[in-house]
Amino acid sequence: MDYNFKAIETKWQKQWVDSKLYKVDIDKNRPKFYVLDMFPYPSGAGLHVGHPLGYIASDIYSRFKRLNGFNVLHPMGYDAYGLPAEQYAIQTGQHPAITTEKNLERYREQLDKIGFCYDWDREIKTCDPSYYHWTQWAFIQMFNHYYNNVSQKAESIESLVEELKQNGTKNIDSACTEKLELTADEWNAKSEKEQEEILLNYRLAYLADTMVNWCPALGTVLANDEVKEGLSVRGGHPVEQKVMRQWLLRVSAYSERLLNGLDQVDWTDSLKEIQRNWIGKSEGAEMKFKVKDSDIEMDIFTTRADTVFGVTFMVLAPESELTPLLTKPEHKEEVEAYLQETKKRTERERQAEVDKVTGVFTGSYAINPLSGEEIPIWVGDYVLAGYGTGAVMAVPGHDTRDFKFARHFNLPIIQVVVPEGEEATDPATWEDSKDSKAGTMINSDFLNGLSVPEAIAKTKEYIREKKVGDVQVNYRLRDAIFSRQRYWGEPFPVYYKDNMPQMVSESDLPLELPDIDKFLPTEQGEPPLGRAKNWVYKDAYPLELNTMPGFAGSSAYYLRYMDPKNDTALVGKEANEYWQDVDLYIGGTEHATGHLIYSRFWNKFLFDTGHVIKDEPYKKLINQGMIQGRSNFVYRINGTNKFVSLKQKDQYETTAIHVDVNIVSNDVLDIEKFKNWNPEYKDAEFELEDGKYICGWAIEKMSKSMFNVVNPDDIIEDYGADTLRLYEMFLGPLEQSKPWNTNGIDGVHKFLRKTWRLFFDKDNNISISDEKPSKEELKALHKTIKKISDDIEHFSFNTCVSAFMICVNELTDLKCNKREILEGLTSLLAPFAPHIAEELWSKLGHSTSVCDAQWPVFEASHLVESTFSYPVSFNGKMRFKIDMPVDASNSEIEEAVKSHESAQKWLEGKKVRKMIIVPKKIINVVVG
RNA sequence: GCUCGAGUGGUGGAAUUGGUAGACACGCAAGACUUAAAAUCUUGUGUCCAUUAGGACGUGCGGGUUCAAGUCCCGCCUCGAGUACCA
């Protein structure tokens with residue numbers, strides 16, 4: 001019996017738990033290192049082989065850091081609130097808490113088998129009241145703060161109230177829903193309720209009537225990142241726009257800081273780019289256009305202030321407040337009909353029919369503040385109410401959408417920019433607008449002859465001087481809608497008094513989620529919490545019926561891991577000062593515009609209010625790739641029960657049928673298992689090739705319906721956890737998406753067996769020599785120490801596995817069983833294959849865990865060679881090799897090359913023009 | 001449309017700063033051991049030409065820079081991801 005992975009893994013997993021090997025505490029004598037995985041939502045399907053990829057990588061890194069003397073925090077928990085459990089509850093009546101608990105146990109069982117070094121004493125569940133206590137607490141803090149644009153941070157609402165009392169809004173520059181103008185006297189004359197209403201305009205957590213993404217199928221509103229292409233991310237149901245009174249978080253207040261913070265963190269460029277695009281900063285000008293025969297002024301935002309002389313019409317969003325005000329009586333009917341029509345179109349239809357030009361004239365005219373010209377005001381649904389001011393100045397000559405609109409409604413087009421290398425032409429002949437930002441201004445009065453950037457600057461200067469506008473920065477980032485009309489989520493710590501929201505006292509937290517009999521909305525259309533009995537505060541005031549969204553619980557969980565049992569604070573000062581922030585965060589890129597924005601916002605808020613010491617929560621972030629499925633097919637001849645092998649399939653009319661990948665090995669079908677797989681195939685016939693049935697394959701999403709789901713438990717059963725860990729790493733670069741393919745797993749399993757055999761003789765007795773290792777043996781080890789140390793730091797785990805294979809192959813060839821070498825190898829291997837390493841370590845005579853061994857120290861002296869084998873190339877093509885002493889001079893090398901036997905053929909009849917010698921790299925002879 | 005990333009053998013992939021393209025593994029082929037199978041071991045395996053020796057070609061395509069390009073520059077093609085009437 002050789003390498004018995006089952007016995008070894010069971011034994012050590014038990015031993016680790018019993019000895020609390022992975023428990024961590026604050027230890028001021030050692031430097032800290034915090035490695036975090038994005039915690040999973042425990043779905044009913046359990047883990048498939050793709051889920052642990054990132055967990056294995058972070059586990060390796062954690063163990064590596066521990067071996068290097070760091071005190072490593074590596075926790076795990078569950079994002080336990082969520083839609084699937086609730087939907088299951090609606091269908092079956094089963095309480096989501098029960099389903100969740102069941103799924104969670106299954107996850108734990110699967111995770112335990114892989115041998116992770118989590119400190120389970122720090123486990124977090126977002127649905128646990130002792131955890132969501134602090135989610136509710138943070139919400140209260142946000143309600144009690146506003147964002148001061150001058151100090152660039154959150155400040156208490158009391159200080160704002162004080163300012164309003166003293167000076168009104170005069171000196172206030174803050175993030176708000178709407179810019180208000182009030183004197184102190186006006187403020188002081190308001191009733192308490194009116195004042196509360198005004199304060200909602202400033203609070204960081206606020207209640208407002210707002211256009212929301214309403215998903216009728218799910219019966220709830222969704223945040224922007226939960227909607228893609230007009231469909232809900234979960235379930236793919238249509239989403240419509242609707243005005244509702246909802247809780248929001250003023251995330252937009254932090255736009256600039258969220259953007260700037262990206263420069264301080266070590267994330268991939270692509271992820272930073274996704275966030276930058278999502279925040280969507282654009283610098284431009286806000287300009288006021290007076291409306292003819294009216295006191296109304298239209299505010300518009302533009303990034304192309306230079307083209308203001310090319311404006312030939314204005315367009316309002318259908319939802320704009322100005323639309324009804326600017327509609328003249330004789331156009332009223334037409335405009336109202338248009339508004340009705342646009343309202344009926346769903347967001348999805350609107351997006352699908354991007355090319356369809358629609359709009360209607362209001363009858364009003366605006367006056368161009370620069371040229372004084374009168375320009376018609378239209379309504380069109382290509383202008384969005386939610387961006388900028390909900391109104392645009394249309395420059396059909398230089399904007400594609402404006403151009404289409406102008407052509408469709410026969411509005412004038414003026415050229416004001418001549419692109420580089422072109423002449424001015426008649427716009428009537430154009431097929432498209434000229435959107436280029438490089439060119440020279442014409443038809444633009446005082447801007448004529450300037451370049452576009454010069455003209456933008458000059459226009460901005462001009463409008464400021466004349467007070468017709470100002471330089472303005474716009475962000476695409478919206479405030480996060482924070483209410484969900486669901487049951488399975490955190491209750492808001494909010495009650496209503498006189499219809500105004502009030503915060504539950506902090507001493508009454510956590511406000512626990514009540515039990516209800518049915519998980520559906522009430523007959524009156526209230527959220528499910530409307531069914532809860534006694535859902536009132538202090539026996540008098542109704543509590544909020546909405547619950548918080550999924551991202552609430554995941555926004556500050558990394559802080560809670562630092563101090564998970566603290567019942568007086570989210571995180572205690574001592575714990576926060578020791579653990580500080582996450583040094584390495586590993587998770588999927590799908591959280592780029594959701595969780596990773598919200599939790600950065602949440603953290604910055606807590607930083608502003610002095611509850612945490614770091615402005616950015618995640619120092620380094622790595623996105624592991626997605627593991628796709630690799631499906632297998634069998635080919636049935638149509639109308640028969642006969643299957644033909646891959647090669648022959650084109651000779652017949654066949655249908656490809658998905659076959660369970662677990663009964664296929666290296667694309668060879670196990671025919672007996674296939675017959676038993678489905679009664680339909682019991683009597684199937686086969687046409688083989690070379691005695692085997694070869695299946696076809698395709699890369700598809702890993703899903704039950706494609707029969708391509710591979711369960712880690714099965715792999716562990718057949719090969720062991722160490723093989724699974726190594727194989728997942730060996731598959732390719734961590735960050736790359738790739739299909740799961742079990743084909744190569746034999747290779748890494750063989751490697752582990754080969755490693756085992758270095759330590760044991762034929763009879764499986766340990767056989768270690770205490771002799772001094774040879775030069776070759778030392779070289780093999782130290783080469784590997786260097787390679788592994790460097791590659792782990794670069795998260796290049798696949799090349800680590802290769803390096804181990806090379807090392808073990810070399811040591812096997814050298815028949816090495818020297819203690820010094822094998823001990824070094826064992827500690828190097830420990831982060832990757834902890835079970836076998838632990839077993840070998842104990843067999844080597846150690847009584848402590850290999851986790852606390854020393855990371856081997858690389859000594860360059862073992863790699864020093866006296867000669868180097870130079871590749872010799874002629875005109876860039878490698879022809880032969882020549883051994884030279886490393887200290888050989890260039891002239892010695894030149895002589896040796898010229899007189900070398902193999903060189904004669906290449907030198908014959910040619911002149912050596914040059915010889916390039918790169919020390920310890922290459923020799924290139926230029927001949928001709 | 002815009003932004004970002006990637007294209008290397010039959011397959012997964014390696015080549016970290018321009019310096020031997022294809023490490024390591026899978027698969028395949030031949031052989032050893034065995035009654036047989038498994039396991040293990042040995043050898044070969046980019047393509048084409050050549051019995052061999054050897055040679056030509058070769059990192060999506062077309063150019064360029066360089067003694068030297070998978071790697072740098074210019075122009076394209078294909079695939080993937082993100083995002084979108086964002087003014």
Side-chain angles (χ1 to χ4, degrees), chain A residues 2 228-229 268-278 280 282 284 300-304 307 315 350-351 353-357 380-384 386-395 398-402 404-405 435 474-476 589-590 592-593 623 625-626 630 666-668 690 697 727 730-733 735-748 750-751 753-754 757 787 790-791 793-794 796 798-806 809 812 869-881 905 913-918 920-928:
Chain A
D2 53 3
K228 273 196 179 119
E229 291 167 356
T268 59
D269 288 339
S270 72
L271 189 64
K272 287 186 186 182
E273 203 57 32
I274 292 172
Q275 290 215 340
R276 286 196 187 102
N277 290 341
W278 186 257
S282 65
I300 60 95
F301 174 75
T302 180
T303 54
R304 293 294 304 272
T307 60
V315 188
R350 214 169 132 160
Q351 287 186 4
E353 297 163 11
V354 163
D355 290 334
K356 196 168 147 191
V357 179
D381 72 353
Y382 79 90
V383 177
L384 304 177
Y387 185 79
T389 59
V392 301
M393 61 175 215
V395 186
H398 306 285
D399 180 276
T400 313
R401 294 149 303 165
D402 296 344
K404 275 191 200 147
F405 197 87
D435 296 3
N474 237 297
Y475 300 92
R476 211 186 66 107
T589 176
E590 67 271 20
T593 55
N623 295 121
M626 279 245 290
R630 186 179 187 276
N666 282 332
D667 292 336
V668 177
D690 304 328
W697 59 273
Y727 186 57
F730 191 56
L731 224 44
E735 300 184 67
Q736 193 172 300
S737 283
K738 56 227 156 194
W740 177 264
N741 184 348
T742 315
N743 287 356
I745 199 163
D746 280 337
V748 290
K750 265 190 222 165
F751 155 74
R753 286 212 302 261
K754 208 167 172 179
R757 285 201 301 271
K787 176 82 177 152
D790 288 354
D791 284 2
E793 287 295 4
H794 289 104
S796 177
N798 54 329
T799 52
C800 286
V801 181
S802 300
F804 280 126
M805 288 173 170
I806 293 168
N809 287 345
T812 303
S869 178
Y870 277 97
V872 181
S873 55
F874 289 81
N875 290 345
K877 284 205 188 301
M878 212 284 279
R879 296 302 176 181
F880 61 88
K881 282 192 179 180
K905 177 171 169 187
R913 296 192 183 278
K914 213 196 237 179
M915 201 183 292
I916 284 138
I917 297 161
V918 186
K920 292 177 92 174
K921 278 266 163 68
I922 200 169
I923 299 164
N924 189 20
V925 189
V926 187
V927 294

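Throughout, a chain's letter reflects where its sequence line sits, starting with A, and its residues are numbered from 1. Keep in mind the model is a prediction, meaning the values are calculated, not measured.
- We find that CG of A:D399 is positioned 17 Å from P of B:G1, with the value rounded to whole Å.
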Polar pairs (N or O, both sides) under 3.5 Å between protein and nucleotides 81-83 of chain B?
none

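- For the P atoms, the distance from B:C2 to B:A14 is 31 Å, rounded to whole Å.
- Proximity of A:Y387 to the phosphate of B:A87: a side-chain N or O atom is located under 4.0 Å from OP1 or OP2.
- When both distances must be under 3.5 Å, the Watson-Crick or G-U wobble mate of B:A14 does not exist.
- With both pairing distances under 3.5 Å, B:U47 is matched to B:A56 as a Watson-Crick or G-U wobble pair.
- Side-chain contact between A:R630 and A:N741: present, with at least one pair of heavy atoms (C-beta onward) separated by less than 4.5 Å.
- Under the Watson-Crick or G-U wobble criterion, with both distances below 3.5 Å, B:G22 has no partner in any strand shown.
- Across all strands, A:P739 comes closer than 4.0 Å to no nucleic acid atom at all (heavy-atom distances).
- Atom name C1', nucleotides B:U65 and B:C74: the rounded distance is 11 Å, in whole Å.
- Using a 4.5 Å heavy-atom cutoff, the side chains of A:V392 and A:V383 are in contact.
- When both distances must be under 3.5 Å, the Watson-Crick or G-U wobble mate of B:A37 does not exist.
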Give me the distances for all protein-to-nucleotides 15-19 of chain B N/O pairs that come in under 3.5 Å?
from: B:U16; atom 1: O4; to: A:K787; atom 2: NZ; distance (Å): 3.1
from: B:U16; atom 1: O4; to: A:D791; atom 2: OD1; distance (Å): 2.5

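- Nearest to the side-chain atoms of A:P733 among the listed nucleotides B:A87, B:U40, B:A14 stands B:A14.
- Between A:Q736 and B:G5 there is no side-chain N or O to OP1 or OP2 distance below 4.0 Å.
- Comparing B:U20, B:C85, B:G12 against the side chain of A:M878 picks out B:U20 as the nearest.
- Pair check for B:U71 finds none; no Watson-Crick or G-U wobble contact set falls under 3.5 Å.
- By the 4.5 Å heavy-atom criterion applied to side chains, A:D402 and A:T400 are not counted as neighbours.
- Distance A:R401 CZ to B:C85 C1': 6 Å, rounded to the nearest Å.
- Here the side chain of A:R753 is nearest to one of B:G13, B:A25, B:A39, namely B:A39.
- Of the possible polar contacts, one joining the A:K738 side chain to the A:P733 backbone as a donor-acceptor pair under 3.5 Å is found.
- In this structure, a donor-acceptor pair under 3.5 Å is absent between the side chains of A:T799 and A:S802.
- Nucleotide B:C24 holds its P atom 6 Å from the CD1 atom of A:I806, rounded to whole Å.
- A:K754 and A:N809 share a donor-acceptor pair across their side chains, judged by distance under 3.5 Å alone.
- Taking the six-membered ring where the residue is Trp, A:Y382 and A:F405 present tilted rings, their angle falling between 30° and 60°.
- Proximity of A:F730 to A:C800: side-chain heavy atoms (C-beta onward) are nowhere separated by under 4.5 Å.
- Nucleotides B:A15 and B:G22 have their P atoms positioned 13 Å apart, rounded to a whole Å.
- Not less than 6.0 angstrom separates the ring centroid of A:Y475 from the ring centroid of A:W278.
- The distance from atom CZ of A:R879 to atom P of B:A21 is 10 Å, rounded to the nearest whole Å.
- In this entry the base of B:G18 is anti relative to its sugar, with a glycosidic angle more than 90° from 0.
- Under the 4.5 Å side-chain criterion, counting only non-hydrogen atoms from C-beta, A:N474 is in contact with A:Y387.
- Here, B:C73 and B:G9 have their P atoms 23 Å apart, quoted to the whole Å.
- If you check B:C79 for Watson-Crick or wobble pairing at under 3.5 angstrom, you find it paired to B:G5.
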Dump every N/O contact between nucleotides 44-54 of chain B and the protein below 3.5 Å, one line per pair.
from: B:G54; atom 1: O3'; to: A:K905; atom 2: NZ; distance (Å): 2.9

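- Atom CG in A:D746 sits roughly 11 Å away from atom C1' in B:A25 (whole-Å rounding).
- If you take CG of A:D381 and P of B:A87, they are 17 Å apart, rounded to a whole angstrom.
- Nucleic acid contact for A:K272: none, since no nucleic acid atom lies under 4.0 Å from a heavy atom of the residue.
- Atom name P, nucleotides B:G19 and B:G13: the rounded distance is 22 Å, in whole Å.
- Side-chain contact between A:L271 and A:T268 is present, with heavy atoms from C-beta onward closer than 4.5 Å.
- Pairing each heavy atom of A:P871 with each of A:M878, the nearest pair is CB-CG, 3.8 Å.
- The CG-P distance, from A:L731 to B:G12, rounds to 11 Å in whole Å.
- A heavy-atom distance below 4.5 Å is found between the side chains of A:M393 and A:T307.
- Here the side chains of A:M805 and A:V748 are in contact, with some heavy-atom distance below 4.5 Å.
- The separation between A:N743 atom CG and B:G10 atom C1' is 12 Å, rounded to whole Å.
- Using a 4.0 Å heavy-atom criterion, one finds that A:R757 contacts the sugar-phosphate atoms exclusively.
- Comparing atom distances between the A:K881 side chain and each of B:C4, B:A87, B:U20 picks out B:U20 as nearest.
- Only the P atoms considered, B:U42 is 32 Å distant from B:U51, to the nearest whole Å.
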